[in-house]
Novice: 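Just passing along the structure, written as structure tokens.
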4 protein chains.
Amino acid sequence: MDRGDIHSQTMPEVASSVWFRAKADVTAPGDLVLLLTDDLKRYVVKLQPRQTLHCHLGIYAHDALIGAPWGGVVQSTLGHSALVLEPSVDDLIRHLRRGTQIIYPKDAAYLVHRMNLRAGCRVIEAGTGSGGLTTALAWAVAPQGRVYSYETRLETHRLARNNLESVDLLPFVELIHGDIEGGFSQQGVDALFLDVRTPWLYLEHVRSALRSGGFFAGLLPTTNQVSELLLHMERGGFVDIAVEELLLRAYKPVPDRLRPDDTMNAHTGFLVFARSMDSQVDSARWHAKERQRYRARLQTKAEISAEEARRAADQAQGGKKYPPLPLPG
Amino acid sequence: MDRGDIHSQTMPEVASSVWFRAKADVTAPGDLVLLLTDDLKRYVVKLQPRQTLHCHLGIYAHDALIGAPWGGVVQSTLGHSALVLEPSVDDLIRHLRRGTQIIYPKDAAYLVHRMNLRAGCRVIEAGTGSGGLTTALAWAVAPQGRVYSYETRLETHRLARNNLESVDLLPFVELIHGDIEGGFSQQGVDALFLDVRTPWLYLEHVRSALRSGGFFAGLLPTTNQVSELLLHMERGGFVDIAVEELLLRAYKPVPDRLRPDDTMNAHTGFLVFARSMDSQVDSARWHAKERQRYRARLQTKAEISAEEARRAADQAQGGKKYPPLPLPG
Amino acid sequence: MDRGDIHSQTMPEVASSVWFRAKADVTAPGDLVLLLTDDLKRYVVKLQPRQTLHCHLGIYAHDALIGAPWGGVVQSTLGHSALVLEPSVDDLIRHLRRGTQIIYPKDAAYLVHRMNLRAGCRVIEAGTGSGGLTTALAWAVAPQGRVYSYETRLETHRLARNNLESVDLLPFVELIHGDIEGGFSQQGVDALFLDVRTPWLYLEHVRSALRSGGFFAGLLPTTNQVSELLLHMERGGFVDIAVEELLLRAYKPVPDRLRPDDTMNAHTGFLVFARSMDSQVDSARWHAKERQRYRARLQTKAEISAEEARRAADQAQGGKKYPPLPLPG
Amino acid sequence: MDRGDIHSQTMPEVASSVWFRAKADVTAPGDLVLLLTDDLKRYVVKLQPRQTLHCHLGIYAHDALIGAPWGGVVQSTLGHSALVLEPSVDDLIRHLRRGTQIIYPKDAAYLVHRMNLRAGCRVIEAGTGSGGLTTALAWAVAPQGRVYSYETRLETHRLARNNLESVDLLPFVELIHGDIEGGFSQQGVDALFLDVRTPWLYLEHVRSALRSGGFFAGLLPTTNQVSELLLHMERGGFVDIAVEELLLRAYKPVPDRLRPDDTMNAHTGFLVFARSMDSQVDSARWHAKERQRYRARLQTKAEISAEEARRAADQAQGGKKYPPLPLPG
């Protein structure tokens, strides 16, 4: 089976018109709607006749929302106004029921970008978690592409399924309940993302699933994990390795009192990126310059130590005296 | 003309197979290729028979590159190795010839995300510049969507055209040479981005071009501009206003000497986001809470001043004495 | 009265042995002590016979603490251990009763450094607030120097007095209840710090109080205030103007799970620094290069506008045609 | 010898009037002066009759500078103006001739603060390097205190001596040429700072030199070193351990175009702080909560593994079946 076959096989049968239909002027049953209340709370609802949204500002009847103009204002039973807006992908992610830590928008956006995702790509993710990043990945590769997402915990896997269904993105995702110890079922995928505790254990599987030159990314909370992953990656098969971190600073949007928010998320995770290579490529030649310099210095040190040991042994046996050895910088 | 019409009109006639063809195992003429040399320089080239790439490591003949396996290694005339990789969208942006400041990947990725772009979206941009962000926008909305990009400087407009052609994204972009003083030619677009010196002058045009609830974004270098834009936005027509800034911290990818790079880009621009509303909506009700609090405080102050003036005038005419007025916090 | 006189006048009569006595091996009555409980709470207490510290871990009797070795362990009535440590200046600041926002250690440390404070300096501060920065300033200039601190709110002024007394630093501070509208009572001081809402109103007073070349610093929460202050400072009398901001990132101190804290203080204030000059110095010549470039560009623009207006008037009266004017970059 | 003796012994014989004399109105021979030229270059010079400063703006004769008013303006032979200012401690540090990396002001200021230094403290530093931090430490503890600074490289040691002499701070510093493998010659010091490659090798020496409860600080460039140091510190003798990092963001001081500088120093070093304890204190009880939680989790894991092994062995010998074991979170 050649790669072209694999690729064509996986095209979902979702008509692109379903994915991105021309937005009508008014809402219709089945539409996902963001209600932005006048106290700035955000509710994502799927419009269904005879349903209602109960919140602290009263009740909003779906029937009153259906047919409302996009961008229009509706009233709750208690007289509170809310805007009717198309939810953004951020709203969708925030709307998901959470069993686990949700990805941050800044990281989701950058991962999509650095994994080079676009409509039509095939991408693997492990683990699924609540489906937050899955949502962003599906958004990026739909309608022709597909996300394959692995999750070992059955409950979490089911939560993610419900979540993705609730935001209409399930058609673009294949959720797999199972671990990745034995590898991935897909081959020749464009990109692969690992959000697991010990990603370095699965690097062979990663390279088997990715097409040659495919995009790898990982998210890791601690520097120790980053070091461990780098150590295993540079043993072979990965080039263009990068470690990056994004900080988002939000400002109070007040024109005459502009200033940053008091607090911020200082750490969500370290992002590790690389491209997967065939095993016969000597990937060490493309490692970062600092890495190569450090490796050279370690080697010089080792050689000097060996030479010193040899000389010491030599002298111990009555051998000659030597001039001092040069020290590495 | 209803919005559905506008939308269907703009679907480009590019077959999606052209946009995202199943990657063959080996390169072919016309392919865009990233050559990653063994001193870690990056060259993006479009493979053409009988062409050559000259660089400081010798000459790479396109004919030797055509038919090379993706992820494989090729040699220059001087014996230097280079990897043959699919260029990422970052590589494409970095490859553009620059007449102006190029967008940073972190900002491009986040703008795409916050403007909610996906395959099929229609988005306006002004100005085009060298086409860096245009590249990222086209990448996000292709193949069914379209980017409309305005640029006043003829030379820059032409540079962007050549740049977008060189990275195969021109089919998804409509480049317009002209200013936006008179407004935009498009209507009902999903998102609109302004990278101009005085974006506040064009807010009426922005709202005319965006569909109701559409996504607005701006990039501004100074805090004074942010204040000015916020001031104009809150006079009407925009809700869900946010000001954000992204900082990217890169690390040396050396496992046993992990540490941040010595320097970083500390500032690329402030990002302003909002959603466009119909003019009849009283958008002030959905402004940030800090904004509303500050407005209330200013109003109380003004009322107290007015009352104090009234009392002073009263007393000057022999009127009664008053108890002290409460002061706003 | 010459400056030397002013200076010698203000030397406090505190013997330096009181300020920095050789620490004995064990605590004594009157000592300030930090109790670090085994659930990592921090209590600063002044040891006094027959006093007790009540906390959620039981009661610590001062009599049991008096005579304890520095760095030793004491037990509460409920059997909880606590370490007996000398409090750091940070502990002292955190210990103060707060009526207002307390200075952050990172900012306090940097302000002391940038205002060039050392033992013997005389420094003015307005307003006092709870006395947090006052504590850091007194720490830096004691025992020979002195802090003059102004506060308009009587209650806050009294709170600060109690606070400074409780941390044994009152001998080095002169607390003044009053506003600074009419200027400062001191002359020839080495440094002056303003933490007030509208510092630009007091710049003449600042220059009168500072010795020539003295160090000025301000702390401002919003960018609008920074712009306003800069505008007034560059009208004369200040050089070496800088705007800076410090971000502190704390890490979880776990050796095998090292990572940044989840959240951080993203904004405490913008710091503005400058040196005060005599009025006859043309300080504009020492402004930042960006400032000078921008000023030059504005002037060119104004000249072109004036010339265009002149020509237009000329032509309206039947005058000659002109070639186009050059535009500033 | 008791600690009081040690302390009094080390009081330098420098009269405090030499350290902080009342600044006269005009400069005098021997004064350190900052010349701030009108192209914003900074020169620190010690005024000496008949000396000259040659720079790209011409020659400034010391004789013309001597007697100039502080804050006044002088002219070079080419007619360029320069301001005559008292140099700040930052100016002094920047003025030092550099054989090694110089400390950053933000880090120097914060180290002084976190090590609780003030006039009269005794502090040890290793290594000296060019004397940048030594300058800041001497500034903080003068005139009654003293800095003891160790450096192994003779050339660097001599450079530091010349540097400290050139900025008039040598009277407060004892520079020691030698390594710290055998420990420090001082006892009962208030604070101790290590800027060496492998600080964890010297922790016993650190605790011997510091008084009980004394302040320890270290500066480390890599996360691996931080992990290693933390690992050794928590084996005993240190509490109140913290890892922090400071980022300084500078802004262009232009009132109507306020914005951050384009680039910044993204990393100068990780700062590690702790307080030294007597060996009989069980310091693990005062470690960070995250540390204690992680340790507990590891122990539970180990116990479960041991129990599982025991059960497996039991079953292998025909033993009974067990219910599943609880897993740690």
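Just so it is clear: chains get the letters A, B, ... in the order the sequence lines come, proteins before strands, and each one is counted from 1.
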Novice: Checking D/Leu258 against chain C: side chain, backbone, both or neither under 4.5 Å from a heavy atom?
Specialist: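 Looking at D/Leu258, just its side chain touches chain C.
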
Novice: For D/Leu34, which atoms come within 4.5 Å of any heavy atom of chain C: side chain, backbone, both, or neither?
Specialist: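 The side chain, not the backbone.
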
Novice: Between D/Asp261 and chain C, which part of the residue has a heavy atom less than 4.5 Å away: side chain, backbone, both or neither?
Specialist: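 For D/Asp261, no heavy atom lies under 4.5 Å from chain C.
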
Novice: Where do D/Arg257 and C/Arg293 land on the side chain to side chain contact (heavy atoms under 4.5 Å, CB included) test, with the steps shown first?
Specialist: CA-CA 11 Å; D/Arg257 292 187 57 74; C/Arg293 269 199 297 273; over 6 Å; no

Novice: Say you draw a straight line from CD of C/Glu244 to CZ of D/Arg249; how long is it, rounded to the nearest 0.5 Å?
Specialist: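 Spacing of CD (C/Glu244) from CZ (D/Arg249) equals 12.5 Å.
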
Novice: Please evaluate residues D/Arg275 and C/Leu85 with respect to the criterion side chain to side chain contact (heavy atoms under 4.5 Å, CB included), reporting the C-alpha separation (whole Å), side-chain torsions for both, the decisive distance (0.1 Å), and the verdict.
Specialist: CA-CA 9 Å; D/Arg275 302 194 65 171; C/Leu85 293 165; 3.9 Å; yes

Novice: Roughly how far, to the nearest 0.5 Å, is the CH2 atom of C/Trp286 from the OG1 atom of D/Thr37?
Specialist: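 Atom-to-atom, D/Thr37:OG1 and C/Trp286:CH2 are 9.0 Å apart.
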
Novice: Verify, without hydrogens or angle tests, whether C/Ser212 (side chain) and D/Trp70 (backbone) share a donor-acceptor contact under 3.5 angstrom.
Specialist: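 Judged by distance alone, yes, a pair lies under 3.5 Å.
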
Novice: Mark yes or no for whether D/Lys252, through its side chain, and C/Lys289, through its backbone, hold a donor-acceptor pair below 3.5 Å.
Specialist: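 Side chain of D/Lys252 to backbone of C/Lys289: no pair is present.
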
Novice: When rounded to the nearest 0.5 angstrom, what is the spacing between CG in C/Asp282 and CG in D/Asp38?
Specialist: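 It is 10.5 Å, given to the nearest 0.5 Å.
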
Novice: What pair of heavy atoms forms the shortest contact from C/Leu40 to D/Ala288, and how long is it?
Specialist: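 Where C/Leu40 meets D/Ala288 most closely, the heavy atoms are CD1-CA, 4.0 Å.
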
Novice: Does the side chain of D/Leu248 come within less than 4.5 Å of C/Tyr110's, by heavy atoms?
Specialist: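 Sidechains of D/Leu248 and C/Tyr110: in contact.
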
Novice: Are the aromatic rings of C/Tyr251 and D/Phe270 close, with centres under 6.0 Å apart?
Specialist: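 Ring centres of D/Phe270 and C/Tyr251 closer than 6.0 Å.
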
Novice: Need one label for D/His232: side chain, backbone, both or neither, based on atoms under 4.5 Å from any heavy atom in chain C.
Specialist: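 It is neither, since no heavy atom gets under 4.5 Å.
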
Novice: Taking side chain as everything from C-beta outward and backbone as N, CA, C, O, which of these in D/Ala191 sits under 4.5 Å from a heavy atom of chain C? Side chain, backbone, both or neither.
Specialist: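 Contact with chain C is absent: no heavy atom of D/Ala191 under 4.5 Å.
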
Novice: Would D/Leu230 and C/Val254 count as a side chain to side chain contact (heavy atoms under 4.5 Å, CB included) here? Give the steps.
Specialist: CA-CA 7 Å; D/Leu230 289 175; C/Val254 183; over 6 Å; no

Novice: Could you tell me whether D/Glu86 and C/Arg211 make a salt bridge, using a distance below 4.0 angstrom between a side-chain N and a carboxylate O?
Specialist: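 The answer is yes: the pair qualifies as a salt bridge.
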
Novice: Specify which of D/Ser227, D/Ala242, D/Gly71, D/Ala250 makes the most heavy-atom pairs with chain C at under 4.5 Å.
Specialist: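 Ranked by contacts with chain C, first place is D/Ser227.
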
Novice: Sort C/Arg295 into side chain, backbone, both or neither according to what part of it lies under 4.5 angstrom from a heavy atom of chain D.
Specialist: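 Neither part, no heavy atoms under 4.5 Å.
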
Novice: Under 4.5 Å from any heavy atom of chain C, what part of D/Leu83 do you find: side chain, backbone, both or neither?
Specialist: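 D/Leu83 touches chain C through backbone and side-chain heavy atoms alike.
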
Novice: Among the options C/Val84, C/Val112, C/Asn116, pick out the one with the most heavy-atom pairs lying under 4.5 Å from chain D.
Specialist: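 Winner by heavy-atom pair count: C/Asn116.
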
Novice: Rounded to the nearest 0.5 Å, what separates atom NZ in D/Lys106 from atom CZ in C/Arg114?
Specialist: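 The NZ atom of D/Lys106 sits 13.5 Å away from the CZ atom of C/Arg114.
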
Novice: Ignoring hydrogens, what is the shortest heavy-atom contact between D/Pro143 and C/Ala119? Give both atom names and the distance.
Specialist: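 Smallest interatomic distance, heavy atoms only, reads CD-CB, 4.0 Å.
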
Novice: Looking at chain C, which one of D/Asp90, D/Asp39, D/Val226 has the largest number of heavy-atom pairs inside 4.5 Å, strictly under?
Specialist: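 Maximum pair count with chain C is reached by D/Asp90.
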
Novice: What's the shortest heavy-atom distance between D/Arg291 and C/Pro253, and which atoms?
Specialist: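 Looks like CG-O, 4.1 Å.
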
Novice: Name the member of D/Val272, D/Val243, D/Leu298 that forms the most heavy-atom pairs with chain C at distances under 4.5 Å.
Specialist: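 Heavy-atom pairs under 4.5 Å are most numerous for D/Val243.
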
Novice: Using a 4.5 angstrom heavy-atom cutoff, name the option from D/Leu247, D/Val281, D/Val73 with the most pairs to chain C.
Specialist: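 Ranked by heavy-atom pairs under 4.5 Å with chain C, first place is D/Leu247.
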
Novice: Is the side chain of D/Trp139 donor-acceptor paired with the backbone N or O of C/His113 at a distance under 3.5 Å, no angle test?
Specialist: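 The answer is no, because no donor-acceptor pair under 3.5 Å joins these two groups.
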
Novice: So, taking the atom named CG in C/Asp91 and the one named CG in D/Asp240, what distance separates them when rounded to the nearest 0.5 Å?
Specialist: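 Between atom CG of C/Asp91 and atom CG of D/Asp240 there are 7.0 Å.
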
Novice: Can you tell me how far OH of D/Tyr294 sits from CG of C/Asp256, rounded to the nearest 0.5 angstrom?
Specialist: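 So the CG of C/Asp256 and the OH of D/Tyr294 are separated by 4.0 Å.
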
Novice: Side chain, backbone, both or neither: which part of D/Glu228 has an atom under 4.5 Å from a heavy atom of chain C?
Specialist: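 D/Glu228 has no heavy atom closer than 4.5 Å to chain C.
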
Novice: Between D/Val89 and chain C, with a heavy-atom cut-off of 4.5 Å, which part of the residue counts as in contact: side chain, backbone, both or neither?
Specialist: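 It is both, since atoms from each part get that close.
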
Novice: For C/Ala284, is it the side chain, the backbone, both or neither that has a heavy atom under 4.5 Å from a heavy atom of chain D?
Specialist: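 Neither part.
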
Novice: Under 4.5 Å from any heavy atom of chain D, what part of C/Leu271 do you find: side chain, backbone, both or neither?
Specialist: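 Looking at C/Leu271, nothing touches chain D.
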
Novice: Between D/Leu117, D/Leu231, D/Leu111, who has the most heavy-atom pairs with chain C when the cutoff is under 4.5 Å?
Specialist: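 Winner by heavy-atom pair count: D/Leu231.
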
Novice: Where on D/Val239 is there a heavy atom nearer than 4.5 Å to chain C: the side chain, the backbone, both, or neither?
Specialist: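 For D/Val239, side-chain heavy atoms alone lie under 4.5 Å from chain C.
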
Novice: Heavy-atom pairs under 4.5 Å with chain D are the metric here; pick the option from C/Gly213, C/Ser81, C/Pro69, C/Pro87 that has the most.
Specialist: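 Top option by heavy-atom pairs under 4.5 Å: C/Ser81.
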
Novice: Can you tell which part of D/Arg285 gets under 4.5 Å to a heavy atom of chain C, answering side chain, backbone, both or neither?
Specialist: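 For D/Arg285, heavy atoms of backbone and side chain both lie under 4.5 Å from chain C.
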
Novice: Sort D/Pro260 into side chain, backbone, both or neither according to what part of it lies under 4.5 angstrom from a heavy atom of chain C.
Specialist: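 The answer is neither part of D/Pro260.
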
